[in-house]
There are 2 protein chains.
Amino acid sequence: MSNVKLSAARRQRSKTGNGADAEPHLSLMENVNYDLLPNHIGFWIRRAQLAVMKSYEEHVGDLDLRPVEAAAILLIGQNKDISQIVLGSALGTDQSTMVAICTRLENRGYIERRRLPEDRRYQLLTLTAEGSRAAVAVRKRLIAHNENVLRRIPAAERKKLLAMIQNLVQE
Amino acid sequence: MSNVKLSAARRQRSKTGNGADAEPHLSLMENVNYDLLPNHIGFWIRRAQLAVMKSYEEHVGDLDLRPVEAAAILLIGQNKDISQIVLGSALGTDQSTMVAICTRLENRGYIERRRLPEDRRYQLLTLTAEGSRAAVAVRKRLIAHNENVLRRIPAAERKKLLAMIQNLVQE
DNA sequence: TATTGTTATACTCTATAACTATA
DNA sequence: TATAGTTATAGAGTATAACAATA
């Protein structure tokens with residue numbers, strides 16, 4: 001397991017400790033044998049995602065946008081008049097899920113939907129002025145968030161890390 | 001975006017195509033500008049987790065155990081009489097979630113729970129004979145699953161990948 | 001008063017199925 | 001007959017809160 005802490009999931013319900021031994025009583029087994037897990041990529045990917053979510057909450061959370069909504073704002077900003085289905089495809093998100101995401105962004109005044117006149121099945125998405133301002137904030141926070149997650153990876157190795165993770169994803 | 005496919009999330013509802021152009025009509029925007037996302041670690045971690053889940057389903061799915069249950073069987077096998085709270089801590093899972101996991105494993109005959117006589121608050125977990133057989137199967141499947149996920153990463157680089165991902169996790 | 005385990009409940013995220021309007 | 005979008009619904013996974021038993 002090397003030097004990586006694997007606890008940290010312990011509940012912190014009773015914070016009204018008396019200053020004495022408030023730590024859970026782990027004496028029964030301090031050293032857990034993790035078997036395959038330390039070499040199991042899925043185990044670490046899951047924990048990495050939890051760490052990413054935590055960092056996201058800390059760095060982007062005040063914008064009250066879920067990760068997929070933040071990504072949607074970014075992509076709509078870069079791809080004016082993108083349709084919901086193309087956006088969903090780009091984000092790896094289902095059609096019906098996209099509806100809820102876009103409706104929320106619309107209700108908050110960040111995007112506008114309009115039908116494509118030539119083919120009224122398509123719902124085209126654009127940022128409003130307020131949405132554009134939000135996009136600026138989103139970009140700034142996402143960059144800080146990304147920098148935070150990668151803070152322990154030397155800059156020279158980050159490309160390599162991304163490339164390797166992308167290699168896990170490819171079909 | 002290099003050569004990595006980012007679509008694939010398209011729904012496949014109407015498979016009764018006529019053999020002609022059954023592909024969704026993406027002509028409106030073939031080339032999406034992904035902005036920050038290609039360099040955004042969280043974006044790739046999320047997609048990696050989806051890939052891991054897919055591979056898990058294919059390689060371990062027939063055991064009808066969720067990932068956390070498979071991991072629990074492994075750890076109980078390697079740590080006889082581990083308590084629920086220590087196991088939960090090791091897996092990064094909440095106390096109350098552990099109850100449901102252990103109850104399911106108990107109902108399937110894979111584990112036994114018994115109270116520690118010296119401190120009856122503790123519920124100690126051990127594998128049954130059937131649980132031990134399951135653990136053998138779990139180990140075999142997890143190894144194949146892991147090998148599959150890492151199949152495009154040269155063996156010499158896998159340690160490096162794991163180390164870097166672990167560096168994302170550390171507090 | 002603290003800790004382990006339990007129960008009931010609720011929340012997040014996402015997908016499936018059935019539907020509409022459009023083509 | 002197929003596609004984009006919509007709605008209603010359901011499921012997985014997980015956590016929070018209140019509680020019981022034990023210390």
Side-chain angles (χ1 to χ4, degrees), chain A residues 9-29 46 49-50 53-54 56-57 64-69 82-89 91-104 106 113-125, chain B residues 9-29 46 49-50 53 56-57 61 64-69 82-89 91-104 106 113-125:
Chain A
R10 231 169 286 141
R11 196 170 322 182
Q12 308 251 341
R13 275 167 185 165
S14 44
K15 289 183 179 165
T16 57
N18 53 9
D21 181 9
E23 271 295 289
H25 195 259
L26 287 187
S27 59
L28 284 176
M29 188 168 301
R46 178 180 138 69
Q49 176 146 33
L50 292 176
M53 286 166 55
K54 187 172 172 234
Y56 180 90
E57 183 55 35
D64 191 26
L65 291 167
R66 289 174 300 162
V68 67
E69 293 170 341
I82 191 174
S83 72
Q84 281 186 204
I85 198 152
V86 174
L87 180 58
S89 176
L91 294 175
T93 299
D94 187 86
Q95 240 178 342
S96 59
T97 308
M98 285 312 303
V99 174
I101 292 167
C102 291
T103 298
R104 181 144 186 264
E106 190 180 36
R113 282 156 152 161
R114 56 173 252 276
R115 293 282 173 178
L116 172 65
E118 303 92 294
D119 187 338
R120 292 185 42 75
R121 289 176 301 181
Y122 287 87
Q123 198 72 288
L124 304 189
L125 310 171
Chain B
R10 231 168 287 144
R11 196 169 325 180
Q12 308 251 340
R13 274 168 187 165
S14 44
K15 289 183 179 166
T16 58
N18 53 9
D21 181 8
E23 271 295 290
H25 195 261
L26 286 186
S27 58
L28 284 177
M29 188 167 300
R46 178 181 138 69
Q49 177 148 31
L50 292 176
M53 284 166 55
Y56 180 90
E57 182 57 34
D64 191 24
L65 292 168
R66 288 175 299 163
V68 68
E69 293 170 341
I82 191 174
S83 72
Q84 281 186 203
I85 198 151
V86 174
L87 181 57
S89 175
L91 294 175
T93 300
D94 187 86
Q95 239 178 343
S96 59
T97 307
M98 285 311 303
V99 175
I101 292 167
C102 292
T103 299
R104 181 145 186 262
E106 189 180 37
R113 282 156 151 161
R114 55 173 252 277
R115 295 280 173 179
L116 173 65
E118 303 92 294
D119 186 338
R120 291 185 42 75
R121 291 175 301 182
Y122 287 86
Q123 197 74 287
L124 305 189
L125 310 171

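Letters A, B, ... are given to chains in the order of the sequence lines, protein chains preceding strands, and every chain is numbered from 1.
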Query - Side-chain heavy atoms of Leu125(B) within contact of Arg113(B), under 4.5 Å - result: yes

Query raised in the report: Which of the following nucleotides, dT7(D), dT7(C), dT4(C), is nearest to the side chain of Val99(A)?
Result: dT7(D)

Report task. Check the pair Gln95(B), Val99(B) against side-chain contact (heavy atoms from CB on, under 4.5 Å), reporting the backbone distance first and the verdict last. Result -> CA-CA 7 Å; Gln95(B) 239 178 343; Val99(B) 175; over 6 Å; no

Report summary line: Taking dT16(D), dA8(D), dT6(C) as options, the one with an atom nearest any side-chain atom of Gln95(B) is dT6(C)

Report task. Using atom CD1 of Ile85(B) as one end and atom P of dT22(D) as the other, report the distance to the nearest whole Å. Result -> 17 Å

Query raised in the report: Over how many whole Å does the gap from Ile101(B) atom CD1 to dT6(C) atom P extend?
Result: 12 Å

Query - Heavy-atom pair with the smallest gap, counting every atom of Met98(A) and Leu87(A) - result: CE-CD2, 3.5 Å

Query raised in the report: Is Gln123(B) near enough to dT6(C) that one of its side-chain N or O atoms lies under 4.0 angstrom from OP1 or OP2?
Result: yes

Query raised in the report: Do side-chain atoms of Arg114(B) reach the backbone of Gln123(B) as a donor and acceptor pair under 3.5 angstrom?
Result: no

Produce the list of close N/O pairs, under 3.5 Å, pairing protein atoms with atoms of nucleotides 11-13 of chain C; give distances to one decimal.
| residue | atom | partner | partner atom | Å |
| --- | --- | --- | --- | --- |
| dC13(C) | OP2 | Arg66(A) | NH1 | 3.3 |

Query - Shortest side-chain distance from Gln84(B), nucleotide among dG5(C), dT16(C), dG5(D) - result: dG5(C)

Requested in this report: Would you name the heavy atoms of Arg66(A) and Arg104(A) that are closest together and state the gap between them?
Outcome: NE-NH1, 4.3 Å

Query raised in the report: Expressed in angstrom and rounded to an integer, what is the separation of Met53(A) atom CE from dG13(D) atom P?
Result: 14 Å

Considering only nitrogen or oxygen atoms on both sides, find all protein atoms under 3.5 Å from nucleotides 21-23 of chain C and state each distance.
| residue | atom | partner | partner atom | Å |
| --- | --- | --- | --- | --- |
| dA23(C) | OP1 | Arg120(A) | N | 2.9 |

Query raised in the report: So how far is it from Gln84(A) CD to Ser89(A) OG, rounded to the nearest 0.5 Å?
Result: 13.5 Å

Query - Length of the line joining Leu65(B):CG and dA12(D):C1', which is rounded to integer Å - result: 15 Å

Requested in this report: Starting at atom CG of Leu50(B), determine the distance to atom P of dA12(D), rounded to an integer number of angstrom.
Outcome: 17 Å

Query raised in the report: What integer distance in Å separates Met98(A):CE from dT16(C):P?
Result: 16 Å

Query raised in the report: OP1, OP2 of dA15(C) versus side-chain N and O of Ser96(A): anything below 4.0 Å?
Result: no

Query raised in the report: Atom OH of Tyr122(A) and atom C1' of dT20(C): how far apart are they, to the nearest Å?
Result: 16 Å

Query raised in the report: Side chain of Asp94(B): nearest nucleotide among dT16(D), dA15(C), dG5(C)?
Result: dT16(D)

Requested in this report: Measure from CZ on Arg114(A) to P on dG5(D) and round the result to the nearest Å.
Outcome: 13 Å

Query - Point-to-point distance, once rounded to the nearest 0.5 Å, from CG of Asp94(B) to CD1 of Ile101(B) - result: 9.5 Å

